[in-house]
Amino acid sequence: MSYKENKSLDQRLELEEIENRCKKFWLENNVYAYDNTKSREETFIIDTPPPTVSGSLHIGHIFSYTQTDVIARYQRMHGKTVFYPIGWDDNGLPTERRVQNYYNITCNPELPYDASFKPEHKEDNSAPRREISRKNFIEACDKLTASDESIFEDVFKNIGHSYDWNLKYTTISPETIKISQESFIDLLEKKYIASVEAPTMWDVTFQSAVAQAEIEDREVQGFFHDIKFEVEGGQDSFIISTTRPELLPACIAIVAHPDDERYQKYFGKKAIVPLFDIEVDIVASEHAEKDKGTGIMMVCTFGDSADVAWWKKSGQPLKQIIGPDGRMLDIEYGQGVFTSKNPAKANQNYRQLVGLTTKQARAKIVELLAECGALQGELRPVTHMVKFYEKGNLPIEFVSSRQWFVKLLEQKDNLIKAGQQIKWKPAHMQRRYEEWANGLNQDWCISRQRFFGVPFPVWYKLDSHGYPDYDHPIIADRKQLPVDPMSDVPLNYTEEQRGKPNGFIGDKDVMDTWATSALTPEIALGLTNSPLKLPFDIRPQAHDIIRTWAFYTIAKALMHHNTIPWTDILISGFILDPDRKKMSKSKGNVITPQHLIDKYGADSVRYWASRAKLGTDTAFEEQIMAQGKKLINKIFNASKFAMTIVANSGISDYSVSADSITNETDKSWLYKLSSSLEGATKYFSTFDYAGALEVIEKRFWDFCDNYLEIIKKRAYSEDNRSAVLSLVKSIDVFVRAFAPFCPFVTEEIYQALPWNNGRPVSVHLTSWPTEQEFAGIISNDMLYDSISQLTSEVRKAKTEANLTQKTPVKKLVIAAPAKVISLLSAHGIDLENVTNAYPNAIEYIEGSELSINKIELDLDFVPENKKKQDVVG
RNA sequence: GGGCGUGUAGCUCAGUUGGUCAGAGCGCUGCGUUCACAUCGCAGAGGUCACAAGUUCGAGCCUUGUCACGCCCACCA
């Protein structure tokens, strides 16, 4: 496919046309296709983050993903075939939540499938949500994610990301589900996974278990309630300060510190829980701290993870009073574990709590406590930290249930070692990882009581009474994968046996979405027949998901393959509001990536992203994009100008060599250019795209402001060969050096270069310019720097005299070291030209430093345009 | 409570191993340019490099302490 009809550059820079032309051209020519015949050494592998599909792309996505793209493009030009996949993380809770709101529906797994149901977008969400079956719900998720994903894809294409779109995946696709289920079975066989019935952190809104990594602390306004407990015998009493009085019915013990003298006398005795007359032991335990509250506290099932830990050791029964929905369960005192000295009284009080939320129950129990006189004094306000599921609005509860756990705790040391083998950029981010690994205190709960996710490939046998045997699950055969145990049947069973005694039931949970996204290396490899293996080269990601995505990926690579998943991890920063807070949703929605691409052009937005260093949060500053647009414009115009000179030069052999570049100024300039490239390459070798851009950009402005001006006259003259070929080389090099950053404008220019015969179809397939290309051609920086400095000083003198730059120089005395004088006097024609000096106006005297000793300008000079004005005026 | 990071011109940020390191862009002011580019060029003003002490011939850069901001982690009765 050809790029465009007319090969020459347009008169003006038409960004939109260029972008459309490029996008089409790159796709049609498979410019970014990964070549699976190349060896590992010739391949650069990127573990691209699959963005969560739950709404729209944020400018922060564009920021970090573009930085990775710049690296990918550099590596491609550096001679590697780049394995650069892209996926959409569409399974999981964020998607479910969006789907519920978008269609105003909710999943009720009890309902049968309704083939006629078609989800429709509802603007108005005030009506009660329509309940639909699990299968209908998943179909709705599929539908909405598919449309969201096509929008994401457009934005990524518009910004010019060079993914190999043949390597596209979604985390809910059958292929991904298969890989995720294989991972589960592998870890299960290796005994890294087990199902455990235990108190688990539970979000009551989404009614699902959640993992430690998804928990965050939030400051909450609460109250201390001072509650009087009688000691058995009724002679004595003590006060407990608690923020959660609604847990009184689940009290299993009272504890105080062993050294606390105030409570020594109670140890070994029993306390009576008010309202419910539960007899509980008063126990000495390090768990309590003397100077907190009243120093004595109640242990309930469960107020916090400390309660869970204490309960596990104690051998006490579990009294679960909070249900999965966060409401008080309907329990009966005098039955089972709910003992009471006075069941009738306990039940009378507890009946008033049944069905209430914890918050409502707290208010009610305060009433009851006040009535019976157990509540001492006023409630005392306190702000304290409470654990929340990161996506939830209510505190988490500990609910006992059966869940699948990945045994990470026993891997702690290996995880830390693996983290040390990986190169973190910036390096201090490794600390974040290590601290998280060190602080891990729970295994990874991977089951979620949700619907849109990867099902566990597991069924349970039912005994003759219809009770499931959780200890001996039926694991799917690998050949069956992917399976949905709710609709598929285990080997040697029939659908008729589902739910019947001696039959089976399917595991109805789905996996934590991280359990699947921690497999992005394996998922990506599944898309190709390449012989690639872990470890990959780089994992780009943001720092907020070090404890989840990075951590779990390292864990899985370790458990599956006993290797690190990548050699380098590049941590990007955040885009912050001007007030340095993390950019808010509302603002992000106003300034959408597409809006910015439309306003400044994709290359300019990319320029903005490329300027920021890794790992550093930066305030959003739109002006950088305006600056980028100026650069893009300059690249276009300077190239166009240079190409016009070349076209009119009468030169047709564009080969650049020591024979063709004969002028010393040109040699000296090319030396400058060459050393900038050396610097840029060095920066890129440590993934420092920002450093690379800086040196290239700096040299480019030098080229425009100085070199072009210096050689202009010579390039138009008879003896123009060296200057013209130097321009050819300069433009060719700049186009390639800017290509990773500004792929659109550089492609547009590359396609118009008249010396492209036999070269790759796209600039993005050419080789990265290195200093080796200049071998034998270049000299050193002395001459160019000298002319450049003098040019600038003469310019300054003219500016300060309020004269036009065209003003001729009558006399210019230059002081310089002998070495510089000999260079300048032999090759000073450009200096004469650029300063517009009269013949023989330049003189040299010896001095220690290069400087202008004396300058005399032609004050009688009148520019052409002024003359005309005078005539008219 | 523990850890990490940041603090450089009005704003956003560079400053690699301590010695032209006091910078860039934007903004502001002035001047110029219209035959590559007004999406332009040139120049100017502006900073005790958070503060204090120390190491050193020499510190924005190293050490210690202080302050401010941000982030991460922490059993939060």
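Chain letters run A, B, ... following the sequence lines, proteins first, then strands; residues in each count from 1.
Nearest to the side chain of Glu709(A), among rC42(B), rC37(B), rC75(B), sits rC37(B). The side chain of Glu289(A) lies closest to rA77(B), out of rA77(B), rA74(B), rC13(B). The side chain of Gln623(A) sits closest to rC26(B) out of rC26(B), rC72(B), rC75(B). For Met385(A), the listed nucleotide lying nearest its side chain is rC76(B); candidates were rU34(B), rU12(B), rC76(B). Side-chain proximity of Ser305(A) to rC11(B), rC37(B), rC75(B): nearest is rC75(B). For Phe224(A), counting side-chain heavy atoms from C-beta on, the closest listed nucleotide (rA77(B), rC73(B), rG3(B)) is rA77(B). With rU12(B), rA36(B), rA77(B) as the candidates, the nucleotide lying closest to the side chain of Tyr716(A) is rA36(B).
RNA chain B lies under 4.0 Å from at least one heavy atom of each of the following residues of residues 627-644 of chain A: Gln627(A), Lys629(A), Lys630(A), Asn633(A), Lys634(A), Asn637(A), Ala638(A), Lys640(A), Phe641(A). Only Glu694(A), Trp701(A), Cys704(A), listed by number, bring a heavy atom of residues 682-704 of chain A to less than 4.0 angstrom from any atom of RNA chain B.
Remark: aromatic rings of Phe620(A) and Trp608(A) are close, center separation under 6.0 Å. Outside the 6.0 Å centre-distance limit, the rings of Trp202(A) and Tyr389(A) are not counted as a close aromatic pair.
In this structure, the ring-ring contact (aromatic ring centres under 6.0 Å, His included) partners of Phe738(A), at least two apart in sequence or on a different chain, are Phe700(A). By the side-chain hydrogen bond (donor to acceptor under 3.5 Å, both in side chains) test, Glu19(A) pairs with no residue at all, sequence neighbours left out. Scored by the ring-ring contact (aromatic ring centres under 6.0 Å, His included) test, Tyr433(A) finds Trp424(A), Phe551(A) as partners (sequence neighbours excluded).
When heavy atoms are screened at a 4.0 angstrom cut-off, Ala309(A) is found touching no nucleic acid atom at all. No engagement by Gly573(A) is indicated, since no non-hydrogen atom pair under 4.0 Å with the nucleic acid exists. Residue Asp705(A) is in sugar-phosphate contact alone, with no base atom involved, counting any heavy-atom pair closer than 4.0 Å across all strands shown. No engagement by Glu434(A) is indicated, since no non-hydrogen atom pair under 4.0 Å with the nucleic acid exists.
Look at Arg432(A) and you won't find any side-chain N or O under 4.0 angstrom from OP1 or OP2 of rC72(B). A close approach under 4.0 Å does occur between a side-chain nitrogen or oxygen of Lys613(A) and OP1 or OP2 of rG15(B). Dashed line: the shortest gap from a side-chain N or O of Lys599(A) to OP1 or OP2 of rU39(B) is not under 4.0 Å.
Judged by distance alone with a 3.5 Å cut-off, a donor-acceptor contact links the side chain of Arg12(A) to the base of rU39(B).
Ring pair Tyr552(A)/Trp514(A) is tilted by interplanar angle, where 30° to 60° counts as tilted. Below 30°, between 30° and 60°, or above 60°: for Tyr263(A) and Phe238(A) the angle between ring planes is above 60°, a perpendicular geometry.
Classification of Arg611(A) and Glu694(A) as a salt-bridged pair fails, no side-chain N sitting under 4.0 Å from a carboxylate O.
Taking atom C1' on both rU17(B) and rC13(B), the two are 23 Å apart, rounded to the nearest angstrom.
Consecutive Watson-Crick or G-U pairs involving RNA chain B, each under 3.5 Å on both distances, make up stems of three or more pairs at B:1-7 with B:67-73, B:10-13 with B:23-26, B:28-32 with B:40-44, B:50-54 with B:62-66.
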